[in-house]
**Student:** 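Structure incoming, see below.
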Amino acid sequence: MQNDKNNLSHGLKSRHVTMLSIAGVIGAGLFVGSGRAIAEAGPATILAYIFAGVLVVLVMRMLAEMAVASPDTGSFSTYADQAIGKWAGYTIGWLYWWFWVLIIPIEANIAATIINTYVPQMEIWVLSLVITLLLTATNLFSVKHYGEFEFWLALVKVAAIVGFIILGACAILGLFPSTGVSGVSRLWDYGGFMPNGFGAVLSAMLITMFSFLGAEVVTIAAAESDAAGKQISKATNSVIWRITLFYILSIFIVVALVPWNDPRLASEGSYVAVLNILNVPHAKAIIDFVVLTSVTSCLNSSLYTASRMLYSLSRRGDAPACAQVTARSGTPIYAVMLSTGAAFLTVIANYLVPSKVFGFLMASSGAIALLVYLVIAISQLRLRKRLIAEGKTLSYRMWLFPWLTWGVILFISAVLVLMLLRPDHRLEVVSTMALAILVVCSGLLVTRRRRRVEQGGANPLTSSGSGVAG
């Protein structure tokens, strides 16, 4: 049996979960990385964001159906365990943990690089260490501290995007005559709306799709709130306008005001390029502050998400038993420290091992987002059928079941095949699949060892407080 003393707290308030759901998908990729997608597909990048956004909306709807029925900090990993099998929950849980562990040093390095441009006397690695340690501290105290810190960081991101959209709309309407920018003719003036063909749109979609990973974090966080089901359904219902407002509308403003082949999109980032065209003073400093806030927010959430997934795996007997130990505040302290420690090991690996080896480690997370989405769809398909067979009713449902669910499964499978066929994305798929196979094999070894121990006597994982693996 699980140790009931090692339960998480319910310290997240309604406003914390609401802001997490609103800003959960906003990362540095929107402010800076979107320029790469625009350079790939031109103004038709809007279609790439719409396609990726629709996929996320459908996946979130499926995940919310399961999460409202059974809130759990393990989220889709727990549901995969129940619907597909122990191996599936084990594998997707560890892959997801690995994804966020890799994100931690990346985001810390981006934040440190930004600060270093203004404080050059401090080395980047020192700044990365300080930033990571500070955010580790916010995650160690209590989930309430994490929620409060994330609330204000998210508020800055939301305010920045809303301000950008208002400014861009004014420019399109011709309210900045001195800049010579107005209207939306740039959507077709430079080689048409789709200058590089539909294949480029699909390629851009592969870039944009990973910008949305993080939307599912709200189902993990909501498990630590008092009204989990209500918060999850509320957050999922708002995902459509969030994606429309923050991504599609802001990208529309960028491609409407800046020629898609303008080199500034790649060198400066899409938001800075727009602000420079509009002659906004200190444009780079403003966006640097917003990106720094976004990166800090993402790093904060990465630590939180990785630790909660590790905690959930431990509760199910799939991770070291110490990872489920919680402090008085209800924080899984060892899960936080183990996740942070693993992140530091990847930073050290960057210096010690050849660049190709580290590049493979980074590429190994490239297709994890799609695997997570695929597992969510398959889990929802199976769990819904099981619930229907048992005569149970659901208060929150996926639309047009099972047709839309099957559509998502087929679409994600097609995207994975497309990535495998494209040389610029092939390494991501191959390395992610290689990592997945290693994780599956380790899971089978752990399960076999556990069964052997159970047949011979007491289960050491159970005796130390961990859940029994099925």
Side-chain angles (χ1 to χ4, degrees), residues 1-12 66-67 70-82 85-101 104 135-147 216-217 219-226 228 300-345 439 442-443 445-447 449-451 453-454 457-470:
M1 293 187 55
Q2 292 173 348
N3 185 355
D4 291 331
K5 293 181 180 179
N6 292 330
N7 287 327
L8 299 175
S9 70
H10 290 83
L12 287 180
M66 297 181 288
S70 178
D72 191 284
T73 194
S75 189
F76 50 84
S77 174
T78 302
Y79 308 138
D81 192 313
Q82 298 168 357
K86 188 71 182 175
W87 68 271
Y90 177 94
T91 303
I92 204 65
W94 277 111
L95 287 177
Y96 193 69
W97 176 83
W98 174 246
F99 175 87
W100 288 111
V101 161
I104 293 168
L135 293 178
T136 300
T138 67
N139 275 269
L140 282 173
F141 287 132
S142 73
V143 72
K144 180 182 177 182
H145 286 87
Y146 159 75
E216 71 290 337
V217 172
T219 63
I220 297 174
E224 292 185 71
S225 67
D226 288 328
N300 195 36
S301 289
S302 298
L303 282 165
Y304 172 82
T305 308
S307 65
R308 268 41 178 195
M309 185 56 70
L310 188 60
Y311 167 85
S312 176
L313 286 166
S314 179
R315 294 281 283 186
R316 286 176 273 147
D318 292 336
C322 65
Q324 67 177 288
V325 175
T326 58
R328 283 185 180 179
S329 60
T331 302
I333 50 175
Y334 296 114
V336 173
M337 289 191 287
L338 285 170
S339 299
T340 306
F344 279 127
L345 287 177
V439 174
S442 72
L445 288 173
V446 168
T447 302
R449 177 179 174 274
R450 183 183 294 113
R451 284 175 180 168
V453 171
E454 287 174 345
N459 186 343
L461 287 174
T462 305
S463 61
S464 59
S466 180
V468 179

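Note: hydrogens, waters and symmetry copies are ignored here, and every other heavy atom, side chains too, is used. Residue indices begin at 1 and follow the sequence shown.
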**Student:** What is the minimum heavy-atom distance between Ser307 and Ala335, and which atoms define it?
**Tutor:** O-CB, 3.4 Å

**Student:** Over all heavy atoms of both residues, which pair between Ser77 and Gly89 is shortest? Give the atoms and the distance, please.
**Tutor:** OG-O, 2.8 Å

**Student:** Below 4.5 Å, heavy atoms only, C-beta onward: do Ile104 and Thr340 meet side chain to side chain?
**Tutor:** no

**Student:** Does any non-hydrogen side-chain atom of Lys86 lie less than 4.5 Å from one of Asp318?
**Tutor:** yes

**Student:** Given side chains that start at C-beta, do those of Leu338 and Cys322 come closer than 4.5 Å, heavy atoms only?
**Tutor:** yes

**Student:** Is any side-chain heavy atom of Arg308 closer than 4.5 Å to one of Val336?
**Tutor:** yes

**Student:** Measure across Trp100 and Ala306 and return the closest heavy-atom pair with its distance rounded to 0.1 Å.
**Tutor:** CB-CB, 4.0 Å

**Student:** If you round to the nearest 0.5 Å, how far is CG of Leu310 from OG1 of Thr305?
**Tutor:** 12.5 Å

**Student:** Parallel, tilted or perpendicular, judged at 30° and 60°: which one describes the rings of Tyr96 and Phe99?
**Tutor:** parallel

**Student:** Show the nearest heavy-atom pair for residues Gln324 and Tyr311, with the distance to one decimal.
**Tutor:** O-CE1, 3.4 Å

**Student:** Distance check, rounded to the nearest 0.5 Å: Ile92 atom CD1 versus Trp87 atom CH2?
**Tutor:** 9.0 Å

**Student:** Atom OG1 of Thr331 and atom OH of Tyr304: how far apart are they, to the nearest 0.5 Å?
**Tutor:** 9.5 Å

**Student:** Would you call Trp98 and Met309 a side-chain contact if the rule is heavy atoms closer than 4.5 Å?
**Tutor:** no

**Student:** Which heavy atom of Gly443 sits nearest to which heavy atom of Tyr90, and what is that distance?
**Tutor:** CA-CE2, 3.2 Å

**Student:** Looking at Ala323 and Ser314, what are the two nearest heavy atoms and their distance?
**Tutor:** CB-CB, 3.7 Å

